[in-house]
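Residue numbers start from 1 in every chain, and the chains themselves are labelled A, B, ... in the order their sequence lines are given, proteins ahead of strands.
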Number of protein chains: 2
Amino acid sequence: MDQLHTSNGQTLSELCEHLDMTRQAVTKHLVILEEANLVATVWRGREKLHYLNPMPLHEIYERWIGKYERYRLRALSDLKKGLEEKNHER
Amino acid sequence: MDQLHTSNGQTLSELCEHLDMTRQAVTKHLVILEEANLVATVWRGREKLHYLNPMPLHEIYERWIGKYERYRLRALSDLKKGLEEKNHER
DNA sequence: TTGACATGCAACCATTGGGTTGCCTATATT
DNA sequence: AATATAGGCAACCCAATGGTTGCATGTCAA
């Protein structure tokens, strides 16, 4: 993903040049990313172009970050409230 | 994490009650989460209380979401620009 | 002080993950 | 038509993951 992020629409062998694994290993990654809908592909002749699919990251965000991020903010405001109460006690 | 999210500060055995694995399995998860600084623990007598540490999720966000989220927004604005240009050609 | 409870530690096991090699097919190039 | 290039498919390998069981230790309660 990082590799595609620096230059989108790369071909399989192009990607391989910058990655320290076999072509097949890279293929495996790409297959998974395709299945996860994070990468879309287009055939151009014998070449397969790979594009980052920018949309579905939002779901990941919602599942893993948003929920806890909201919690984080709540924790902060709780802390603030706590400090304020302590303050008022004096 | 989800379990702690519903009720923070639970003890190991409390967590086990809601999770379908051995106590040791749960322990392993917790050890990893502690090492990753996602969970903080406090000993109270023979009990070990577990608290979600809300802070470091931001790093995960930056690494995995923020970067691509910005990309996502750029992709959208590129699309918009492309449409506008097509429009002007007419 | 003895027994029950909460947790830790270590060895073990099966499955998965991430990689490799070898061979095959389809498209370009000459 | 022959060869080189881009990619796919399948079998295999090893280490890491995610669980288990068994036993040891520390703390509370009677």
Q: Indicate for each nucleotide in nucleotides 1-7 of chain C, in 5' to 3' sequence, whether protein heavy atoms under 4.0 Å reach the base (B), only the sugar-phosphate (S), or nothing (-).
A: ---BBSB

Q: Identify whether L52(A) and L15(A) are in the same connected component of the hydrophobic contact network (ILVMFWY, side-chain heavy atoms under 4.5 Å).
A: yes

Q: Rounded off to whole Å, could you give me the CE-to-P distance for the M21(A) and dG17(C) pair?
A: 16 Å

Q. According to the side-chain hydrogen bond (donor to acceptor under 3.5 Å, both in side chains) rule, which pairs have a member within residues 11-26 of chain B, sequence neighbours left out?
A. none

(Q) Just verifying a value: how many Å separate T27(B) OG1 and M21(B) CE, rounded to the nearest 0.5 Å? (A) 10.0 Å

Q: State the CG-CE distance between N53(A) and M1(A), to the nearest 0.5 angstrom.
A: 9.5 Å

Q) Taking only N and O in the side chain of H29(A), is any of them less than 4.0 Å away from OP1 or OP2 of dG19(C)? A) yes

Q: Would you mind reading off the distance between L30(B) atom CG and dC9(C) atom C1', rounded to a whole angstrom?
A: 16 Å

Q: Might you work through the side chain to side chain contact (heavy atoms under 4.5 Å, CB included) test for V26(B) and L30(B), ending with a clear yes or no?
A: CA-CA 6 Å; V26(B) 177; L30(B) 290 172; 4.0 Å; yes

Q.
Output the rounded distance in Å from CG (L15(A)) to P (dG7(D)).
A. 9 Å

Name each donor-acceptor pair under 3.5 Å that joins a side chain in residues 41-48 of chain B to protein atoms two or more places apart or in another chain, with its distance.
{"residue": "R44(B)", "atom": "NH2", "partner": "E47(B)", "partner atom": "OE1", "Å": "3.2"}
{"residue": "K48(B)", "atom": "NZ", "partner": "E34(B)", "partner atom": "OE2", "Å": "3.4"}

Q. In Å and rounded to the nearest 0.5 Å, what is the CG to NZ distance from L33(A) to K28(A)?
A. 14.0 Å

(Q) Would you say L19(B) ends up clustered with L12(B) if hydrophobic residues are merged whenever their side chains have heavy atoms under 4.5 Å apart, either directly or through other cluster members? (A) yes

Which atoms of nucleotides 11-14 of chain C (N or O only) lie under 3.5 Å from a protein N or O atom, and what are those distances?
none

